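Predicted, not measured: the structure shown is a model, and the values here were computed from it.
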Amino acid sequence: MTAKSKITITRRTLLAGASGTLIASRAAWAQQPAEVKVGLLVPISGLYARPGTVMREGAEMAVDHINAQGGIKALGGAKLKLVVLDSGDTTEKAKNAAQRMVAQETDLVAASGAYLSSFTLAVTEVTERANLPMLTLSYSDLITERGFKYVFQTAATAGSQAKQALPQLIKLAETASGKRPKTVAILTDNTGASIASAKAMREGLLAENQLQLIVDETFTPPLADATSLVQKIRSAKPDLLFFLPTVISDAKLLLEKMNEFGLGQGKVPTISFGIAIAEPDMLQTVSPELLQGVLTCVASWGAKGHEALIAELKTRYKEPWMTQNAISTYGDMWVIKDALERAGKAERVAVGEALRTMDGGPSKYYPLGEIKFDEKGRRVGAGMTIVQWQTGVPVTVFPPELALAKPFWPKS
């Protein structure tokens, strides 16, 4: 063989190899999905439609931002597509919706939802069997006590929130009023997160903080009349009232009745857990003066560092402020995006594994802690926020590094 023919053969071999590599690359690129479906299972109809709608708004904003920044780069720039499903307003409806979701939307890689803890407990029974990763802002400790592999709780659990909040609330009361509270009342509805928060207080937290429980009432939402409940508060005269509603109408009804009985506007400091008492709809029938100073402990809220998102939510959806529902669901979409990048494929089992092994550094859209999950599926170091009504707006007042205002104690 001549030198010339050797060169020719070598050149052909190289060209053939390059051509094969190019074809293989094109084939791999062609196999990348143009879009990746992510589910959002929340109440869009019925009693809880308002918070569900806000969760959809937060998810839509995040998906738009992710896609505008190049989509899922590990999947060739594939765009996220949000699939919204209505959980309705009962546990049975939520479970049925989850069953339809896994049966009909077989190409979902992950989902977020389902607002109420009781809904989430039912929904995740379904999604777990389908190996569908489910992120949730729901509080109940039970959600991640069942040994499930595909449930990821981005919020601090109800028990953890109560444990973090009580010392801060006592310190705030003592600093502002000059005396330490000694007695408390609990009024709670019987939904999952409320029960979990009250359970933690009843079973040790109140005693640990030298607080005596003198009124303890549980009701089924929605309340028809708050008179008998408020009469018990008036008779007992507790130093603090822990009020745990999940329905906005219940929060309104109790605050109005307390004012009618001369207990409102700080005469009995009212502290809630969850967002019902800080929803924008509160201002439709309750005056800012009546709400002034009311505190609530929540898993997350629009805070320092979220100013641009808060402004966009106001402009785009006419929302006056950014509740937990919007900011947490916004964060969920970014966590799913990160999991897809790590998984390198649009496949739910791989995404689940990526979530379990994720170490995404300090949290940006949830208070404190890391973007990392422990063996139960709970976000590591998850903190909580305390929000207070101040001049017609509920603002973050704790933790200090995220606060948009300083807290004050209502004057009795």
Between the side chains of [X] and [Y], is a donor N or O closer than 3.5 angstrom to an acceptor N or O?
X	Y	value
Gln324	Ser300	no
Asp332	Tyr366	yes
Glu60	Tyr317	yes
Ser160	Gln164	yes
Ser140	Ser117	no

Got [X] and [Y] here, is their nearest side-chain heavy-atom distance under 4.5 Å?
X	Y	value
Ser197	Gln161	no
Thr396	Ile386	no
Leu229	Phe219	yes
Pro133	Arg348	yes
Leu40	Leu85	no
Asp86	Val42	no
Gln388	Pro394	no
Leu211	Leu166	yes

Could you go step by step and tell me if Glu174 and Lys179 meet the salt bridge (charged side-chain N to carboxylate O under 4.0 Å, His left out) rule? CA-CA 5 Å; Glu174 196 168 12; Lys179 62 179 182 179; over 6 Å; no
If I take atom [atom1] from residue [X] and atom [atom2] from residue [Y], how far apart are they, to the nearest 0.5 angstrom?
X	Y	atom1	atom2	result
Asp374	Thr144	CG	OG1	7.5 Å
Leu244	Glu217	CG	CD	13.5 Å
Leu75	Leu340	CG	CG	6.0 Å
Lys93	Thr91	NZ	OG1	11.0 Å
Thr127	Met101	OG1	CE	6.0 Å
Ile186	Arg202	CD1	CZ	5.5 Å

What do the steps show when you test Asp64 against Arg316 for salt bridge (charged side-chain N to carboxylate O under 4.0 Å, His left out), and what is the final call? CA-CA 12 Å; Asp64 287 350; Arg316 183 168 171 177; 2.4 Å; yes
Between [X] (side chain) and [Y] (backbone), is there a donor-acceptor pair under 3.5 Å?
X	Y	value
Trp301	Pro367	no
Gln153	Val151	no
Glu341	Lys73	yes
Glu353	Ala343	no
Asp239	Thr183	yes
Thr120	Ser138	no
Gln390	Gly293	no
Trp389	Ile277	yes
Gln99	Val126	no
Arg56	Gly52	no

Below 30° counts as parallel, above 60° as perpendicular, anything between as tilted: where do the rings of Phe119 and Tyr48 land?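 Correct class here is perpendicular.
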Distance-minimising heavy-atom pair for [X] and [Y]:
X	Y	value
Asn209	Leu205	ND2-O, 2.8 Å
Asp359	Arg342	O-NH2, 3.7 Å
Ile233	Pro238	O-CD, 3.4 Å
Leu82	Ala59	CD2-CB, 3.8 Å
Ile327	Tyr365	CG1-O, 3.6 Å
Pro221	Asp250	CB-OD2, 3.2 Å

Residues Arg50, Glu319: salt bridge by 4.0 Å N-O rule: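 Result for this pair is yes, salt bridge flagged.
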Would you list the pairs meeting ring pair (Phe, Tyr, Trp, His ring centres under 6.0 Å) in which at least one residue belongs to residues 59-105, sequence neighbours left out?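 Only His65-Tyr330 qualify under ring pair (Phe, Tyr, Trp, His ring centres under 6.0 Å).
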Using side chain to side chain contact (heavy atoms under 4.5 Å, CB included) as the criterion, point out the one residue from Val184, Leu213, Thr188, Asp216 that pairs with Phe242.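 When Val184, Leu213, Thr188, Asp216 are each tested with Phe242, the side chain to side chain contact (heavy atoms under 4.5 Å, CB included) holds only for Val184.
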Kindly indicate, with the supporting measurements, whether the criterion salt bridge (charged side-chain N to carboxylate O under 4.0 Å, His left out) is fulfilled by Glu370 and Arg379. CA-CA 7 Å; Glu370 306 291 317; Arg379 191 170 65 81; over 6 Å; no
Is the number of heavy atoms from other residues, nucleotides or ligands within 6.0 Å of [atom1] ([X]) greater than 12?
X	atom1	answer
Lys163	NZ	no
Lys95	NZ	no
Lys182	NZ	no

What verdict does the salt bridge (charged side-chain N to carboxylate O under 4.0 Å, His left out) test give for Glu401 and Lys304, after you've listed the backbone C-alpha separation in whole Å, the side-chain angles of each residue and the deciding distance to 0.1 Å? CA-CA 8 Å; Glu401 58 266 46; Lys304 187 182 293 183; over 6 Å; no
Find out whether the Lys NZ or Arg CZ of Arg378 is both under 6.0 angstrom from the six-membered ring centre of Phe152 and within 45° of the ring's axis.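 Judged by the rule, Arg378 and Phe152 form no cation-pi pair.
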For side chain to side chain contact (heavy atoms under 4.5 Å, CB included), just list the numbers for Thr270 and Leu240, CA-CA rounded to whole Å, side-chain angles, deciding distance to a tenth of an Å, and then say yes or no. CA-CA 6 Å; Thr270 301; Leu240 302 175; over 6 Å; no
Steps toward side chain to side chain contact (heavy atoms under 4.5 Å, CB included) verdict (Leu295, Ser272): CA-CA 6 Å; Leu295 295 139; Ser272 192; over 6 Å; no
Applying side chain to side chain contact (heavy atoms under 4.5 Å, CB included) to Leu206 and Gln212, what does each step give before you reach the verdict? CA-CA 7 Å; Leu206 292 179; Gln212 181 185 359; over 6 Å; no
Going through the distances and angles, do Asn190 and Thr218 end up as a side-chain hydrogen bond (donor to acceptor under 3.5 Å, both in side chains)? CA-CA 6 Å; Asn190 58 4; Thr218 301; over 6 Å; no
Show your reasoning for whether side chain to side chain contact (heavy atoms under 4.5 Å, CB included) applies to Val38 and Lys81. CA-CA 6 Å; Val38 176; Lys81 181 179 180 181; over 6 Å; no
